[in-house]
Every structure is written in structure tokens, then in C-alpha cells.
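Working notes, beginning with the structure itself.
Reckoned from all heavy atoms, side chains included, excluding hydrogens, waters and symmetry mates. Just so it is clear, the model here is predicted, and its values are computed rather than measured.
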Amino acid sequence: MTDARFDPFATLIDRQNAQSILNEATAGAEDGELFLERRRSEALVFDDGRLRTASYDAAEGFGLRAVTGEVAGYAHSTEISERSLRRAAQTTRLAVGAGGGVLAPPPPGTNRKLYTEADPMLDATFGLKVETLREIDAFARALDPRVVQVSATLAAAHQEVFILRPEGTLVSDIRPMARLNVSVIVEQDGRRESGGTGGGGRAGLAALMQPAHWQGLAREALRIALVNLEAVPAPAGIMDVVLGPGWPGILLHEAVGHGLEGDFNRKKSSAFAGLMGQRVAAPGVTVLDDGTIPDRRGSITVDDEGTPSGKNVLIEDGILVGFMQDRQNARLMGVSPTGNGRRESFAHTPMPRMTNTYMLGGDARPEDIVASLKDGIYAVGFGGGQVDITNGKFVFSCTEAYRVQNGKVGAPVKGATLIGDGATAMQQIRAIGNDMALDPGIGNCGKAGQWVPVGVGQPTLMIGGLTVGGSAT
């Protein structure tokens, strides 16, 4: 590895020539850009007492886009050269046709920096990373004799981007990412259960590799596994549900957040289409998408079109007040971009995507919310889920949940799934805690085959009348 900065206009292609080709490709278009990227990443997986895999990936390339109306021409290449760029321009011109468009105003500039530019992979030697994973494995096994398997993963990435626009604006951003995950499997009387946790953000690996940090992760992973070891089959039926703070915001992200992305609403395929200015959630519910939180996994100084990220209010006191927008959909809807134009890599076109999506806290004490639950589920951990954007219907599996009766938290339950639709669930929020928290930095979001890192968050919530799927008889 090298810490030499990525500077394509100094080493790979002349900027003036690139600007000329970009201008030819976007002549008569309404928007477009040249997106150049270098991304390096590594992942070390220590599993079952040994280093299972160690991978390192590096890629660089460009994507050239020309946009007119609802049509976009896009071409990309792993070769950053004038020859490749000219070939790409021929492809993008096909979307522009005879032209006739007027270029949209460029994004505003920013000098803000939300995270370090240092490469997290250079924080420690390969040997030290392996030794840290080995120590995590030994520590977790020593915590409890019921631990039969431990898995720990260290991952880091360093993304460098340049965005050249037709009017001559050049925007750059350097985005680090680091993450540590720990999971354990415990066995007792022939029954095996697992638990896992982790986190990270746009910072280095050094803090994650400190014993004070990873020992806490190992203890938490074991705690969850032991809880699941005592879990009984979940009940089934329609009941009230209390969601814990932090990571349970993934339900908000999936069931509501995607429905508030601009493209789904412009095409009227979202359950929230046409509801701007109307009540879509219970009073007191305020939802934001905020890409400006320093060092968070979902944060971006600028989006992948060069627009500075924003702190965007989507739902305010239950009223729908905004959507997340990239430049194309914002222009077509007659509104301003919100800094949510994101892409997985140079090989992908940008689209409206979430950054850090969360609900603000209320004034209720979490313990009072749980105590008010007569008969239901208290869910504090979630795994996978599925959502239909057109109607907001969702199904989520719980990784840690408890039965609550008459305000008393009882036995943990396994196999619980939460079923409902986002619009109805938001209307049925009955209590909002004062303990809003963001997730520890573990979120990834998929849309149209593209994956980007995201953050979620919420306070403790009570939602009435969700369908709980379970196997208890």
C-alpha cells in the first residue's frame, strides 16, 4: 500500500483536455459530470481460531454522465485516459441527441470537512491487525465456557473522488471508513445460539483496535448470545410493540426512508407520493436525514454529484415537509438538490439515497414507555428485513426481543418478526422516548443493485397494532 494521494489530473489525464471532452459530451444537456475515483479496501476475518481470510482490493476509474430530462447517458471505464474518456463521451452523447437543454446551476461550494483524510488501513501493520483479532478470539472464549465459536472482522476502506463539472467546477473528497465486528456462538444442553455486535465510522482503525473498545464488543456479543440461549418461541398476533433506541431505527430507514427518496415520489411509486404538506405520522414525530454529522458512517462532505450534504427535515411534527433529492430528480420536481445524490462507485449512476436517517427524541422516559405496555413485545435488536416501496409494507426479524405483560419485561423471545406498513406504523406511534441514539455504525443500504454506507437512529418508541409473527402455540 501507499499513502500517495490520488490526483488523476496530475498523473493520468490533462485537466483542460478532460474539461473539453466533458463539455462536448454535455453540450445541449441539462446536467452532467465526470466522476473519478480510487478506492482501496481490506478485510481480515478471524474465525474458529484462525485467520480465515485476508483480502485487499483496489480499483480506480471514471464515470461520465450527460443528463437531459428523465434520460441519462452514462459510460464508465477502469482506464483513466484521454482515449477512454473520448470513447465514453460518444456513448453519453447518444442520450443528449440534438440537445437544446440549458445546464442547471452548479452546486454551491463548501470548505467543510466532516472526517479525517488519513487512510485507516495505514493505522496498523498487517501483523498487528492479525494479533488483535487473535486476542479478541481468546478473550471472548475466556468469558464463558459455553462459547464454542468466535468470529471477528476488521475492515477498512479509503475512497478518493474528484468531480469535474461542465462549468469548470472541480470538487474533491477523501472518505475513510473503518469497522470492527465480533460475533460468538454459545452452546448449552445441545442448543446453540449466536450474538453479534460491531461498529465504526469515517475514522481510523486505531480506536477500534484498543482493548477497551473490543472487549466491550466481545462482552456485548456474548450477552446477546446468552439472552437468545434462554429465549422461548415468540407469540403471534396483533399487539403493541416497543422499539429500543439506536439500531432499531433500521425499521424507520426501510419502511419510511426509502419512500421519501425523490425518484420514487417523482414517479409516484412511493406510498408517500402526493402527500407533501399532509400528516403522515403521529404528532411529535420528526424525521431527518443528516449527512453532516462528523465521522458518522453515513456522512458525506459532498455527495457524488458535488452537492454539499445537508441536514434535511423530512417529517416535522408528523407533517411531510421534504424529500431527499439528487440533482436530476430535484430539477424535474422543481425543487433544490439536498445533497443525497449517491453512487456505489464510478461504475454506477447517482440516485437519491439516504445518509444518516433518524427520528428526534420526545419527552417520555424509556422505562415509563415499557411500563405502559400491557401485552406486547419489546424489540431492541433487528436483523434482516424486506420492504415494498410502493405500499410501505415491511417484514423485519428481531435478533433480541422480550415479551412484556402488564408493564413487566419477561422472557426473551426468538423467531419474532414485525409486520406492518410504514405509513400506518408512523401514524400509530403512541410514545416517543427522550433517549434518541444513533446506531454504532453498521448500516449498509441497497437500492437498484447499489450499496452505500448509511446510519440510522431513533429514541425508544411505542407503536400500536403491529402484527407480530411467531411460533408460540
Side-chain angles (χ1 to χ4, degrees), residues 1-13 35-46 51 53-63 78 80 110-133 136 152-163 170-181 198-211 213-214 217 291-304 306 309 342-348 355-356 440-444 451-455:
M1 287 185 291
T2 175
D3 57 359
R5 295 284 290 269
F6 175 59
D7 191 350
F9 296 118
T11 60
L12 299 172
I13 188 171
F35 181 88
L36 305 108
E37 175 192 24
R38 180 176 73 174
R39 184 194 300 263
R40 295 171 294 172
S41 63
E42 68 173 4
L44 287 75
V45 180
F46 201 90
L51 184 64
T53 61
S55 62
Y56 174 81
D57 296 298
E60 66 180 37
F62 73 84
T78 57
I80 302 177
T110 179
N111 291 320
R112 179 180 59 195
K113 291 186 181 296
L114 298 175
Y115 29 77
T116 178
E117 295 184 348
D119 187 340
M121 291 179 288
L122 300 176
D123 278 357
T125 64
F126 179 81
L128 181 57
K129 294 169 188 174
V130 174
E131 183 58 29
T132 299
L133 293 172
I136 294 171
T153 302
L154 267 176
H158 198 235
Q159 181 192 25
E160 302 163 276
V161 302
F162 284 78
I163 304 166
L170 179 63
V171 179
S172 64
D173 195 19
I174 299 177
R175 304 165 179 169
M177 188 70 75
R179 178 171 169 173
L180 172 62
N181 286 4
R202 293 200 181 278
L205 278 172
L208 303 182
M209 295 172 63
Q210 292 298 313
H213 175 76
W214 57 254
L217 294 184
T292 70
I293 309 173
D295 302 327
R296 295 298 304 183
R297 181 173 175 83
S299 295
I300 44 176
T301 299
V302 294
D303 71 7
D304 294 323
S309 61
R342 306 187 66 188
R343 65 182 99 198
E344 180 178 328
S345 75
F346 66 86
H348 303 84
T355 57
N356 303 297
I442 58 177
N444 286 306
W451 291 88
V452 296
V454 296

Checking Glu60 now: which residues fulfil salt bridge (Lys or Arg N to Asp or Glu O under 4.0 Å) with it, not counting sequence neighbours? none

Test salt bridge (Lys or Arg N to Asp or Glu O under 4.0 Å) applied to Glu131 - qualifying residues, sequence neighbours left out: Arg134

Can you check whether [Y]'s main-chain N or O pairs, donor with acceptor, with [X]'s side chain at less than 3.5 Å?
X: Asn181; Y: Thr153; result: no
X: Arg202; Y: Ser299; result: yes
X: Asp295; Y: Ala203; result: no
X: Arg112; Y: Ser309; result: yes

Contact summary for [X] and [Y], nearest pair of heavy atoms:
X: Pro176; Y: Ala118; answer: CB-O, 3.7 Å
X: Leu208; Y: Gly204; answer: CG-O, 4.2 Å
X: Met177; Y: Pro120; answer: O-CG, 3.5 Å
X: Phe35; Y: Ser345; answer: CE2-C, 4.3 Å

Let me confirm one number: the [atom1]-[atom2] distance from [X] to [Y], rounded to the nearest 0.5 Å.
X: His348; Y: Glu37; atom1: NE2; atom2: CD; result: 10.0 Å
X: Ile300; Y: Ile293; atom1: CD1; atom2: CD1; result: 12.0 Å
X: Thr53; Y: Phe46; atom1: OG1; atom2: CZ; result: 11.5 Å
X: Arg40; Y: His158; atom1: CZ; atom2: NE2; result: 6.5 Å
X: Leu217; Y: Ile136; atom1: CG; atom2: CD1; result: 7.5 Å

Residues in side chain to side chain contact (heavy atoms under 4.5 Å, CB included) with [X], at least two apart?
X: Ala155; value: Ala43
X: Ala54; value: Leu44, Leu51, Phe126
X: Asn444; value: Arg179, Arg297, Trp451, Pro453
X: Val454; value: His253, Arg342, Cys445, Val452

For Ile13 and Phe62: C-alpha separation, side-chain torsions, deciding distance, then whether side chain to side chain contact (heavy atoms under 4.5 Å, CB included) applies. CA-CA 11 Å; Ile13 188 171; Phe62 73 84; over 6 Å; no

Give the intermediate values and the outcome of side chain to side chain contact (heavy atoms under 4.5 Å, CB included) for residues Arg5 and Ile174. CA-CA 10 Å; Arg5 295 284 290 269; Ile174 299 177; 2.9 Å; yes

Please lay out, stage by stage, how Leu154 and Glu42 fare under the test side chain to side chain contact (heavy atoms under 4.5 Å, CB included). CA-CA 8 Å; Leu154 267 176; Glu42 68 173 4; over 6 Å; no

Report the residues that fulfil side chain to side chain donor-acceptor pair (under 3.5 Å) with [X], sequence neighbours left out, ordered by chain and then residue number.
X: Asp303; value: none
X: Thr301; value: Tyr115
X: Thr132; value: none
X: Arg175; value: Gln159, Asp173, Asp304

Name the residue from Ile80, Thr78, Leu36, Val161 that meets the side-chain contact (heavy atoms from CB on, under 4.5 Å) definition with Phe346. Thr78

Let me see the working for Leu12 and Phe6 under side chain to side chain contact (heavy atoms under 4.5 Å, CB included), right down to the final yes or no. CA-CA 10 Å; Leu12 299 172; Phe6 175 59; 4.3 Å; yes

